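To start, the structure under review is shown below, and the notes come after it.
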Amino acid sequence: MSDSHENARLAVGLEVSTTSITAVCLDESHQIVGEHQSDFVFSESASQQLIRFIEDLKVKFGKFDNIGVAVPALVSDGGSKVAFSSHIAEFSGMDLSTTITSATGVQALLENDANAAAYGEFHLGAGVGSRNMFYLTLGAGVGGSLILDGVLWRGASGYAGEFGYIPINSEGVRIEEVASSANIIRRARSRIHQDSTSSLVDLDESRLTISDIVAAAEAGDDFAKLMLERTGSYVGTGVAIIINVLNIEKIVIGGEIMGGKHAILDAIVARAREFSFAPSFESTEITAGKLGRNAAAIGAALLAANAK
């Protein structure tokens, strides 16, 4: 992509996860015209990796003045500072926007990854056509975001939407403790040898990933499907709470675990139907996201472009 005046109208966004940094470049019609990805390495400085990655984007995409940065963290100070991140501790308390801008010359707008993905899905994905939407993401963490009358609802302090913190039983177990990818893997490892027919038995247990479980479920592995169905039941309990409290128009579910949507989505819907107020449930559409792994990066690009 050449460096030209036309590039000023491009929108660039990236997402930092615990495994990778992913970026997209959108043209004026919001079509993806460029993508770039790099591994995230925990043994190196997270902020320095981001800075190097953005410098690489200048070469790949051409000149751009603004970038949206989706992070697995609570974001404060109008999209400048990371208030707290349980996934990337280095970011906690950091004015990451200023750090990026000072090093690269690119104005950076921070956003919570779930909020960014929700914004992307609302404008370009499964949320198109709705006015009120709840988005939840199932991956390394479990997050949520609420859009009311077309606007991200951030709450009194900017931290609204923490779906993963909803308790699902009387002992106070939270959804994230059973529905994040690490916890699904943990539950699978504890039971995998009870089902010798599962294709997962042939894998190195210490290297088992959520992608392995999702792929096995999609291929018809009954054990893997059971793991995702049980996860869906846990998530569906929280979804029922959202439906009962908000009577929301649409609920969109994204994240890497939704790669096995045929197993997990049905379980989410079934449990939500069981525990929600029937008239509210009937007026809520529950659907899988459409933007896949690029959802947060796309949303971050749109947010940065709209903030210019």
Side-chain angles (χ1 to χ4, degrees), residues 13-23 40-51 53-54 67-103 107-120 134-147 151-168 172-184 186 210 234-235 238 241-242 254-257 295-297 299-300 303-304 307:
L14 67 80
E15 177 192 15
V16 187
S17 75
T18 56
T19 58
S20 64
I21 308 175
T22 302
F40 180 82
V41 183
F42 265 100
S43 60
E44 298 181 20
S45 164
S47 57
Q48 289 304 309
Q49 288 182 74
L50 259 184
I51 289 166
F53 186 82
I54 293 171
I67 189 167
V69 179
V71 290
L74 299 178
V75 175
S76 61
D77 292 347
S80 174
K81 185 176 180 180
V82 175
F84 174 74
S85 177
S86 61
H87 298 289
I88 305 176
E90 178 192 332
F91 285 164
S92 294
M94 179 182 289
D95 188 338
L96 188 57
S97 176
T98 298
T99 298
I100 291 171
T101 301
S102 297
Q107 184 63 47
L109 174 72
L110 303 188
E111 185 55 84
N112 167 266
D113 52 0
N115 280 350
Y119 197 80
F134 187 83
Y135 175 84
L136 65 98
T137 179
L138 306 174
V142 176
S145 180
L146 182 61
I147 293 179
V151 179
L152 276 170
W153 175 256
R154 303 178 186 279
S157 303
Y159 309 140
E162 289 300 317
F163 182 82
Y165 272 70
I166 293 176
I168 57 170
V173 174
R174 296 168 178 164
I175 290 175
E176 186 162 286
E177 295 176 66
V178 291
S180 66
S181 56
N183 282 295
I184 295 172
R186 173 185 54 78
I210 193 63
Y234 295 133
V235 173
I241 293 171
I242 298 299
E256 61 180 333
I257 297 169
L303 284 163

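From a predicted model like this one, the values you see are computed outputs, not experimental measurements.
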Legend entry - Residue list, salt bridge (Lys or Arg N to Asp or Glu O under 4.0 Å) with Glu90, at least two apart or on another chain: none

Legend entry - Sole candidate of Ile166, Val142, Val173, Ile168 that passes side chain to side chain contact (heavy atoms under 4.5 Å, CB included) when paired with Tyr234: Ile168

Hey, what do you get for [atom1] ([X]) to [atom2] ([Y]), rounding to the nearest 0.5 Å?
X      : Y      : atom1 : atom2 : value
Ser86  : Glu176 : OG    : CD    : 6.0 Å
Arg174 : Asn183 : CZ    : CG    : 12.5 Å
Ile184 : Ile257 : CD1   : CD1   : 3.5 Å
Asp95  : Ile100 : CG    : CD1   : 9.5 Å
Leu14  : Thr22  : CG    : OG1   : 8.5 Å
Leu138 : Ser180 : CG    : OG    : 9.5 Å

Legend entry - Test: Arg186 and Glu177 ion pair at under 4.0 Å: no

Could you tell me if the side chain of [Y] sits less than 4.5 Å from the side chain of [X], heavy atoms only?
X      : Y      : result
Val71  : Ile88  : no
Leu152 : Leu303 : yes
Ser20  : Glu15  : no
Ile67  : Ile54  : yes
Thr18  : Phe42  : yes
Val16  : Phe53  : no

Legend entry - Tyr165, OH: over 12 other non-hydrogen atoms inside 6.0 angstrom: no

Inset, instruction - Apply side chain to side chain contact (heavy atoms under 4.5 Å, CB included) to Leu50 and Thr99, showing your working. - result: CA-CA 10 Å; Leu50 259 184; Thr99 298; over 6 Å; no

What heavy-atom pair brings [X] and [Y] nearest, and what distance separates the two atoms?
X      : Y      : value
Ile242 : Phe163 : CG1-CE1, 4.0 Å
Leu110 : Ser97  : CD1-N, 4.0 Å
Ser47  : Leu96  : CB-CD1, 4.2 Å
Ser85  : Ser92  : N-OG, 2.8 Å
Ala114 : Ser145 : O-CB, 3.7 Å
Gly155 : Ala160 : N-CB, 3.7 Å

Legend entry - Glu44 side chain to Gln49 backbone, donor-acceptor under 3.5 Å: no

Inset, instruction - I would like to know whether Asn115 and Arg154 meet side chain to side chain contact (heavy atoms under 4.5 Å, CB included); could you show each step before the answer? - result: CA-CA 9 Å; Asn115 280 350; Arg154 303 178 186 279; 3.7 Å; yes

